[in-house]
Structures are given as structure tokens and as C-alpha cells.
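In each ligand, atom 1 is the first atom listed, and ligand 1 is the first ligand listed.
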Amino acid sequence: MNDTTDRTGSMTAGGAIFARLKALGVKYVFTNSGTDFPPIIEGLAEAGAKGVDLPEPLVIPHEHAAMGMAHGYYLLSGEPQAVMLHTNVGLSNGATGAINAACENVPMILMSGRTPVTESDRFGARTVPIAWGQEMRDQTALVREAVKWDYELRVPEQVAGLLDRAHAIANSTPKGPVYLSLPREVLCEATPADTLSAPPGMSPVRIAPDHAALERAAEILASAKRPLVIAQRGAGDAESFAAFARWAEDWSLPVCSWWSTHLAIATDHPCHVGSEPGEWLAEADVVLVVNALAPWWPDAHPIPDDAKVIHLGPDPLFSRFPVRNFRSDVALAGETADVLPALIEAMQSRSRNDEAIVARRLRLDRARAALRRDLDASAQPTAEGRMTKAFVSDRLGAALDGKTSSVFSELGAPLSHLLRRDAQSWFQEPHSGGLGWSFPAAMGAQLADPERICVATMGDGSYLFSNPAACHQIAEALELPVLILVLNNEEWGAVRGSVTGLYPDGYAARANTMPLTSLSPSPEFTRTAEASNAWAKRVDRAEDLDAALNEALRVVTEDRRHALLDVRIV
Ligand SMILES: Cc1ncc(C[n+]2csc(CCOP(=O)(O)OP(=O)(O)O)c2C)c(N)n1
Ligand SMILES: [Mg+2]
């Protein structure tokens with residue numbers, strides 16, 4: 001027991017941060033500690049000894065993994081997240097995760113220590129040379145562009161108020177990460193403890209859609225002849241997901257999942273036209289863009305000059321991004337889970353153009369049948385029995401059918417060939433593309449929902465970006481039985497594809513070995529996984545995949561052990 005605390009009813013600021021996070025609803029703090037952490041660790045122990053209710057601090061041995069886990073935890077739970085890192089060096093390792101979180105409107109309170117500013121004569125002052133080496137003129141600059149708000153804790157009495165504000169801003173529409181830096185001397189000081197468990201002093205703002213814009217959008221959509229819906233970040237929550245599916249069917253609305261990062265509609269829904277918007281956009285008279293950063297490819301997907309475009313989502317103009325000039329005739333701002341049902345409701349009273357709806361239904365039936373034929377044909381293994389991403393995706397979808405599961409894909413099994421039917425059953429890496437995301441995101445999701453099957457599927461390059469040894473250590477230490485599917489082509493195939501896309505007949509495309517794309521020889525990833533007690537298997541031939549998938553699923557669900565399949569693809 002600390003005498004100072006007993007006499008004054010106060011607590012070390014380092015511990016007070018945790019106590020306040022608990023009051024804000026944070027269950028876990030994804031933490032990577034350092035030499036600025038003594039007051040945090042001492043404060044935690046102090047608070048624990050006094051029976052103060054705290055979130056569980058988790059040791060996460062790489063910052064990118066900590067950020068990915070908080071991201072994945074939020075995707076499944078919708079609950080507020082907190083990540084605590086070490087000074088500038090820990091923060092810079094977490095910066096890619098902050099960019100990913102910002103791109104996907106993932107709210108989290110990101111914190112990192114600040115090296116002591118005093119060199120002597122004050123408790124908490126600098127000791128080892130690292131304290132000089134880690135000082136920066138503007139530490140926050142490392143993540144400022146990715147956060148909605150930032151500040152530095154100046155005095156210990158600010159802990160509760162600042163965290164309340166950070167939480168409210170992070171969780172306001174449009175949501176996103178915020179950053180608070182924590183100087184060591186301030187963390188060492190005492191702060192009043194009596195108000196730390198009080199309810200939050202500030203509520204997040206939830207923006208409601210503008211009524212007039214809703215009516216206008218409903219009118220435009222109801223009278224459309226050839227509408228197209230493009231959805232990238234889902235259809236909101238489970239309820240609005242279901243309402244969206246019924247609505248699309250009722251009005252025969254083609255729904256396209258161009259570069260979707262969340263599932264908006266079942267992949268086998270009669271209105272789902274796949275991931276290519278080109279042919280539908282070319283003749284669209286109305287386009288509804290549901291929370292999509294880049295809803296189409298302007299150079300490849302022309303849209304008619306007189307087509308009306310409606311954008312719907314937490315920030316329909318994506319104002320964080322300097323350049324994004326997709327036409328926007330009507331903007332409906334708000335959380336998708338609110339706006340989509342409101343739009344559906346506003347459509348109810350509109351007159352229906354039944355002739356156009358029937359024509360659309362016939363066209364959709366033909367398009368779905370053609371899509372199904374294309375997908376089946378392209379999901380075959382090669383003549384030599386080798387696997388492709390499409391084949392693996394098709395088999396993974398079949399293996400997971402009927403099971404409550406979420407797939408986190410990062411250049412892994414493509415959505416086009418994967419059977420997915422439920423809200424939250426599919427996530428792809430954010431459009432910021434900070435690779436190394438899916439393995440930790442799946443672990444965060446598993447922590448949030450222990451009974452769900454959480455699958456991370458990724459390229460071999462993406463697996464290496466995830467700091468696999470650290471991630472496997474986490475999976476073993478926290479007993480997170482995730483299934484990892486590495487789709488291993490021994491290269492950065494996406495980089496190769498980008499080069500041949502821009503220079504189809506160029507020198508690089510004709511070279512025997514394209515520069516800067518090879519990852520050969522591939523490590524035996526099974527051994528990396530086995531080092532942390534995972535069940536692991538390498539699969540080279542198409543005929544062996546089904547059995548390997550089923551055994552891996554048995555291991556994660558029955559043995560509750562994490563598993564890795566190193567799937568060799570062409
Ligand atoms: C942190 C980070 N570094 C580099 C890149 C650039 N990059 C984009 S795709 C890619 C290759 C991914 O390779 P892999 O995961 O093996 O997938 P493949 O395309 O081979 O299927 C790279 C390196 C990135 N997006 N993020
Ligand atoms: Mg690869």
C-alpha cells in the first residue's frame with residue numbers, strides 16, 4: 001500500500017489511466033511496454049492491490065500486432081479500444097496500424113509514453129541514455145495525420161477528463177483513432193482517485209441523416225430504371241444487413257462488391273452481381289454508393305454523364321482524403337446502420353416502376369447464372385493439380401458453410417469465390433493496405449468472440465509483414481485458436497500484377513525474373529508456427545486441401561489450438 005494514496009485518496013496517474021479506461025468500457029489494453037512504463041506498471045500493481053476495477057492489460061510483443069488486434073476486436077464487438085505503446089519508437093511501429101484504423105473508421109485510444117523531459121532532480125527524470133535518444137520535437141507527428149484528435153497529458157489531474165474526451169471524439173461519427181502522449185514525470189505523480197469510476201463525462205456524437213436529403217435520395221432511387229448499388233464497408237449492423245438484403249430483393253437492385261472490405265450482402269444473394277461494376281455502371285442512371293472510399297476505377301469504369309450518384313456513410317465525402325472527386329449529387333451522412341434503414345423506410349411510400357423492376361429481375365437472374373458459371377470455371381485447380389487463390393477460396397467457403405465464422409483476408413482467399421452469408425463474416429485489409437493486418441485482426445476478433453471460428457487468410461508476403469513469430473507467440477500465450485491460411489506463391493504477386501498492369505509488354509514483364517517481387521526461397525512457415533505450439537501442415541496439391549481444411553477446423557474448434565496451413569499456390 002502506498003502511504004500517499006491512503007492519506008489523500010489519490011492514485012499514481014499511470015494506474016489512474018487504466019481505472020478510467022475501465023469506466024469508459026474498455027476491456028483489454030493492448031500493450032507493448034518500455035522504460036517509460038515504471039509508473040504504468042507500478043500504478044497497475046497499486047490499483048490491483050487496492051481492488052480497483054481495471055481492464056486487462058495484455059502483453060503484445062509487436063506494436064503492429066497490438067494495433068491489428070484492437071482493430072479486429074472492434075470489428076466484432078463494436079466496443080471501444082485502447083492501445084498503449086512505448087515512446088516514439090513504439091509509436092512508429094504502430095503508425096501503420098493507426099493509418100489502417102483511420103482508413104476504416106475504427107475508434108481507438110492510442111497512447112504512447114513520452115520520454116522524460118527533465119534530466120535530473122525530479123521523480124521520473126531521465127536515467128539511461130535512451131531517454132535522450134527517444135526525445136522528439138513533435139512525437140505526435142508520427143501519427144497526427146491518422147488521428148482525429150491528439151494531446152499530451154500535462155498534469156495528472158487531467159487523466160479522467162482527457163480520456164473521456166478522447167473516447168467521445170474517437171467514437172463520434174465518423175469514428176477513428178485518437179492519440180494521447182504520456183510523459184513519464186506526469187505519470188509518476190498522484191491524481192485524485194475518487195472520481196475515476198464515475199460514468200463518462202462526455203457522450204460520443206452520432207450524426208443522424210438529413211431528412212430532406214433522404215427524401216431526395218429515395219425519390220431518385222425509386223424512379224431509377226437501371227440503378228446500381230456499390231457497397232464496400234458493409235451494410236451496418238446485423239439488422240440493417242438483413243434489411244438491406246430484403247430491400248435489394250424487393251426492388252431488384254444490383255449490388256456490387258468492388259474491393260469490399262466488409263460484407264454488405266451474401267455472396268450468393270440473387271442481387272449480388274460480384275465485384276466488377278464496369279458493365280452495370282456503363283448504363284446506370286442512378287448509383288448508390290454505400291460507404292465506399294473509391295467506389296469505382298475512374299479510368300476503367302466510365303459512368304453516363306447524366307447518372308445521379310448518391311453517397312451514404314459516416315463521411316460521404318471522405319473529407320480526410322485530399323483527392324477524391326467522385327461525383328456526389330446527394331450525400332447522406334451518418335452511421336450506415338442508421339442511414340440505410342432510414343433510406344429503406346423513405347422508399348416504402350414511393351411509387352414503384354414495376355415494369356423496370358421486373359426487367360431488372362430478369363437481367364439479374366441472367367447475370368447471376370453467368371457469374372456462377374464463370375466462378376465455377378475459374379475455381380478449378382490447374383491441369384497439374386496445383387492450386388489457385390480462387391480454388392482455395394471456393395473450398396474454404398464450402399468448409400465453413402453453416403459454421404459461425406469470420407474470414408480476415410489480406411491478399412488471401414478472394415471474396416469473389418468465397419461463400420459468405422452473414423454480417424461480420426468477411427473482412428479484408430483496409431484500403432490503406434498496411435500489410436500484416438489480418439493475422440492480428442483475426443486474433444483480436446477471436447478474443448472478442450471466443451466461440452466464433454476466426455480465419456486469417458493472407459499471402460506469404462502479408463504473413464511475413466505480420467511479424468509471424470510475435471503473432472504465433474500471442475496466439476499461444478492468449479490461447480486464441482485462430483486458423484491461419486497462408487496462400488504461398490513465393491512472391492509479392494500483387495506487385496508483379498501492378499507492374500504488368502502498367503507495362504504489359506515492358507522489359508520487366510518479359511524478364512525471366514521480375515525485379516523486386518520474389519520471396520523465394522520461402523521459409524517453411526509450418527515450423528515458425530510449430531515453434532509456438534500451433535498445429536501446422538503444408539499443402540501442395542489440390543486434392544489434399546479439403547482434408548487439411550477439415551482437420552485444421554477440428555483442431556481450432558475441438559483442441560482449441562491455433563493452426564496454420566501453408567497452402568502452396570501458383
Ligand atoms: C506495410 C506494407 N509494405 C509494403 C506494401 C506494398 N505491397 C502491396 S501488395 C504487396 C505484396 C503482397 O504479397 P503477398 O501477401 O504475398 O500477396 P500476393 O500478391 O503474392 O498474393 C506489397 C509488398 C504494403 N501494402 N504494405
Ligand atoms: Mg505472395
Side-chain angles (χ1 to χ4, degrees), residues 62-69 71 90-104 142-143 145-146 259 261 275 293-294 378-379 381-382 386-396 407-418 427-442 455-468 470-471 484-502 508-509 513-526 528-529 538-540 545 564-570:
H62 196 285
E63 295 83 354
H64 194 42
M67 296 296 285
M69 286 185 76
H71 193 137
L91 186 61
S92 70
N93 272 353
T96 302
I99 292 169
N100 282 344
C103 193
E104 285 270 304
L142 291 167
V143 292
E145 285 219 38
W259 280 73
T261 58
S275 55
L293 171 62
S378 55
T382 68
R386 304 283 313 275
M387 290 176 274
T388 62
K389 284 189 186 181
F391 171 77
V392 179
S393 212
D394 181 72
R395 301 322 303 150
L396 177 64
V407 174
F408 296 80
S409 180
E410 186 174 28
L411 295 145
L415 180 62
S416 54
H417 289 77
L418 189 68
F427 300 100
Q428 188 171 300
E429 84 275 9
H431 292 155
S432 46
L435 297 183
W437 166 89
S438 68
F439 191 164
V455 182
T457 158
M458 69 206 86
D460 49 324
S462 299
Y463 176 68
L464 289 170
F465 277 118
S466 75
N467 307 295
C471 282
I484 314 301
L485 228 63
V486 183
L487 303 198
N488 191 347
N489 53 10
E490 301 202 0
E491 67 165 355
W492 287 337
V495 179
R496 168 196 288 281
S498 185
V499 176
T500 52
L502 217 55
T513 314
M514 186 183 282
L516 301 181
T517 55
S518 173
L519 289 179
S520 181
S522 172
E524 283 300 329
F525 294 137
T526 50
T528 315
R538 172 173 164 166
V539 190
D540 287 275
L545 184 63
L564 175 140
L565 291 178
D566 180 358
V567 183
R568 300 294 171 130
I569 59 164
V570 289

Visitor: Find the distance between CG (D566) and OG1 (T526) and round it off to the nearest 0.5 Å.
Guide: 6.5 Å
Visitor: Would you call the rings of F439 and Y463 parallel, tilted or perpendicular if under 30° counts as parallel and over 60° as perpendicular?
Guide: parallel
Visitor: Return yes when at least one N/O/S atom of N489 is nearer than 2.8 Å to the Mg ion (ligand 2), and no when none is.
Guide: yes
Visitor: Looking at T528, L485, V486, which one forms a side-chain contact (heavy atoms from CB on, under 4.5 Å) with L564?
Guide: V486
Visitor: Suppose we only allow N, O or S atoms; which atom of E491 ends up nearest to the Mg ion (ligand 2)?
Guide: O
Visitor: Could you confirm whether D460 has any N/O/S atom lying under 2.8 Å from the Mg ion (ligand 2)?
Guide: yes
Visitor: Heavy-atom contacts with ligand 1 below 4.0 Å: which residues, ordered by chain and residue number?
Guide: K389, L411, G433, L435, G459, D460, G461, S462, F465, N489, E491, W492, G493, A494, V495
Visitor: Does the side chain of T261 come under 3.5 Å of the side chain of H431 through a donor N or O and an acceptor N or O?
Guide: no
Visitor: When you measure from the side chain of S275 to the backbone of S416, do you find a donor-acceptor pair of N or O atoms at a distance under 3.5 Å?
Guide: no
Visitor: Do D460 and S522 pair up side chain to side chain, a donor and an acceptor below 3.5 Å, judged on atom types alone?
Guide: no
Visitor: Would L435 and L411 satisfy side chain to side chain contact (heavy atoms under 4.5 Å, CB included), going step by step from the backbone distance to the final call?
Guide: CA-CA 9 Å; L435 297 183; L411 295 145; 4.0 Å; yes
